Amino acid sequence: MAAAKKSVELVWKGESSKDKLRLKITVPPSWSDKPASKLAATVVKQLNAKQPGRRLDVADVAMRRGTGEPLPMEATMAGLADGETIAVGLSKHVDSGARPAAKPGAAKPPARARAPRRRRRRQRRAGRTAGPTGGTLRHESDAAAAKKQHFCALCGLASSRRCGRCKLEVFYCSGACQQADWRKHKPDCEANALEESRTKLAKTEIKCIMPGVEMECTAREDKRPTIKLTVVDKLSTRRHAFEYSDDTVVHKVKQDMRDAERPRYRFENHMGPLFAEVNGKPGRVLFDFKTLRDQHVKSGDVLHHIVHNPTLLQRTGFDTAPGTL
């Protein structure tokens with residue numbers, strides 16, 4: 001009967017808490033007579049690739065099975081169980097077996113003092129201070145702070161905490177200074193935060209030129225083009241400038257015209273249709289519930305609002321009875 005494949009998990013824990021690695025390796029049947037040092041070599045290769053400055057060798061590490069028994073380098077992989085977890089570490093740190101018994105009468109080592117929960121929570125949040133509008137102050141890395149020193153925008157003290165909402169070169173020493181300077185910083189912060197959210201919508205579109213031969217990757221911005229319009233009201237002869245995305249329906253343009261021409265038009269049914277300008281004159285009519293893109297309206301176009309048989313209020317724009325309908 002042919003041997004089946006085995007799945008082995010290798011766990012590396014280095015000297016620091018961040019030096020961790022977890023690998024899942026499928027051991028084929030042909031590796032049954034291979035030494036376990038082949039697994040250690042795989043871990044060492046991944047660790048050296050992860051940290052280019054590290055020079056680790058197979059002789060520097062040792063392995064321990066999930067049962068606590070040491071796994072010699074010369075042992076074959078035939079004795080490994082499917083789904084077994086093997087701990088890998090430096091030779092001086094790997095437990096080689098049973099721990100030596102304590103001497104009678106020897107004092108126990110002092111337990112590690114642990115900070116209270118609230119203090120630990122404050123320590124974790126040391127790099128994240130809440131701002132006035134839900135933004136945060138983020139610490140720059142030590143390397144970045146060493147290259148350039150920054151100062152608080154309000155009090156002038158040295159600080160490495162940047163406004164986490166807009167990512168601009170604006171630093172504060174505390175959340176109190178950020179809140180006190182919020183009225184001055186708010187316009188720039190909101191404008192840049194909006195621009196950041198728009199750039200995050202960029203996606204990648206992959207096109208296949210020829211199946212199996214070549215693929216072309218082009219970046220496109222998933223943001224609707226902006227259309228700038230000028231709408232002219234025939235009765236008031238005033239020109240209004242609006243800006244919309246290309247998927248806006250014409251009905252929204254009429255609503256904005258109604259608000260801009262108050263009290264000339266109280267309700268939407270008091271308004272007439274919109275016409276696209278052709279050769280300097282009102283031409284084709286635009287349908288209310290179709291988008292500007294579908295009706296071939298481009299940025300810079302001029303639209304005309306025309307009301308047939310206008311009332312006295314619409315002609316004069318003066319409401320003689322504002323309290324009545």
Side-chain angles (χ1 to χ4, degrees), residues 11-23 43-56 60-61 88-90 92-93 109-204 217 219-224 226 243 245:
V11 180
W12 164 269
K13 292 184 179 180
E15 296 180 345
S16 63
S17 59
K18 296 183 178 180
D19 190 11
K20 295 181 181 180
L21 182 66
R22 186 180 295 269
L23 299 175
V43 177
V44 169
K45 183 179 179 181
Q46 294 292 332
L47 292 174
N48 290 336
K50 185 179 180 181
Q51 297 184 6
R54 173 181 284 175
R55 296 292 182 268
L56 196 63
D60 301 332
V61 301
V88 186
L90 295 175
K92 58 181 179 179
H93 293 159
R112 179 183 176 185
R114 190 171 185 182
R117 181 178 298 178
R118 289 186 178 180
R119 189 184 305 172
R120 296 198 307 270
R121 190 177 301 167
R122 288 197 300 267
Q123 292 172 356
R124 287 196 301 267
R125 296 178 179 175
R128 294 175 59 87
T129 306
T133 59
T136 57
L137 295 177
R138 300 183 183 274
H139 285 282
E140 284 196 327
S141 62
D142 296 338
K147 293 181 181 179
K148 184 178 179 182
Q149 189 175 9
H150 305 283
F151 301 93
C152 179
L154 186 66
C155 63
L157 295 177
S159 175
S160 62
R161 295 191 289 179
R162 184 201 309 261
C163 178
R165 186 186 185 195
C166 62
K167 310 297 189 301
L168 292 173
E169 292 294 325
V170 181
F171 294 81
Y172 296 99
C173 61
S174 63
C177 284
Q178 187 183 22
Q179 293 179 0
D181 193 54
W182 174 241
R183 179 173 295 181
K184 179 180 177 182
H185 177 56
K186 180 179 178 180
D188 296 336
C189 185
E190 291 183 344
N192 198 70
L194 179 60
E195 188 65 24
E196 287 284 338
S197 63
R198 287 179 177 177
T199 56
K200 288 181 180 179
L201 296 176
K203 297 182 179 180
T204 302
C217 182
R220 62 180 178 87
E221 184 72 14
D222 191 15
K223 185 177 68 173
R224 295 297 184 185
T226 302
E243 185 174 343
S245 60

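Nothing here was measured: the structure is a model prediction, and the numbers come from that model.
Remark: N48 engages V44, R54, L56 in a side-chain contact (heavy atoms from CB on, under 4.5 Å) (not counting sequence neighbours). Listed by chain and number, the residues in a side chain to side chain donor-acceptor pair (under 3.5 Å) with R183 amount to none (sequence neighbours excluded). Not counting sequence neighbours, the partners of A180 by the side-chain contact (heavy atoms from CB on, under 4.5 Å) test are L154. The side-chain contact (heavy atoms from CB on, under 4.5 Å) search around K186 returns W182, E190, not counting sequence neighbours.
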side-chain contact (heavy atoms from CB on, under 4.5 Å) between L157 and F171, intermediate numbers included: CA-CA 10 Å; L157 295 177; F171 294 81; over 6 Å; no
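When all heavy atoms are compared, the tightest approach of S174 to R161 is CA-NH2, 3.2 Å. Between C173 and C152, the closest heavy-atom pair is N-SG, 3.5 Å.
Side-chain contact check for Q178 versus H185: every heavy-atom pair is 4.5 Å or farther apart.
Y172 contributes atom OH, which lies 6.5 Å from atom SG of C163 (distance to the nearest 0.5 angstrom).
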